[in-house]
Amino acid sequence: MNDLRAERLQVMLSPEELAAVDDFRFKHRMPTRAAAVRELLKLGLATAAVDAGPNVKSSRFGVFGRGPDGHTQPHPHRDAED
């Protein structure tokens, strides 16, 4: 595989999402956040069959959901899959 990376992807994460990436990184002894994100992308792309459909907002695809009081909670669609 060619490791030349010519494209930059900027992603905004909530503090909880960043903590989840860092937890994954340290648990798997990965050298950088970028390496952890690439590995998570690889794992997700290998297992996900997402059909977003029309008019779906990007917030639907967050790692954590927000309750009515603004606090984080697991997404309902993720609980149903477990």
Side-chain angles (χ1 to χ4, degrees):
M1 180 174 145
N2 185 352
D3 280 338
L4 177 63
R5 295 187 178 101
E7 295 291 326
R8 179 180 300 267
L9 175 65
Q10 183 174 355
V11 178
M12 300 297 290
L13 300 176
S14 70
E16 296 88 358
E17 291 169 331
L18 186 58
V21 170
D22 284 340
D23 288 348
F24 177 86
R25 173 188 172 195
F26 294 123
K27 180 178 179 182
H28 296 284
R29 298 177 174 260
M30 304 195 86
T32 63
R33 281 182 176 162
V37 169
R38 283 192 297 273
E39 184 65 16
L40 288 165
L41 281 169
K42 182 173 78 172
L43 292 168
L45 290 170
T47 61
V50 177
D51 182 12
N55 302 319
V56 176
K57 296 185 183 251
S58 114
S59 60
R60 159 70 171 76
F61 298 100
V63 176
F64 299 101
R66 298 250 176 224
D69 58 358
H71 292 101
T72 59
Q73 59 189 26
H75 269 296
H77 72 276
R78 295 194 194 284
D79 290 342
E81 294 171 2
D82 292 340

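In the hydrophobic clustering, where aliphatic and aromatic side chains (Ile, Leu, Val, Met, Phe, Trp, Tyr) are joined below 4.5 Å either directly or transitively, Met12 stands alone. When hydrophobic residues (I, L, V, M, F, W, Y) are linked wherever their side-chain heavy atoms come within less than 4.5 Å, the members clustered with Leu40 are Leu9, Val11, Leu13, Leu18, Val21, Phe24, Met30, Val37, Leu41, Leu43.
Screening residues 19-29 for salt bridge (Lys or Arg N to Asp or Glu O under 4.0 Å) gives Asp22-Arg33 as the qualifying pairs, with residues at least two apart or on separate chains.
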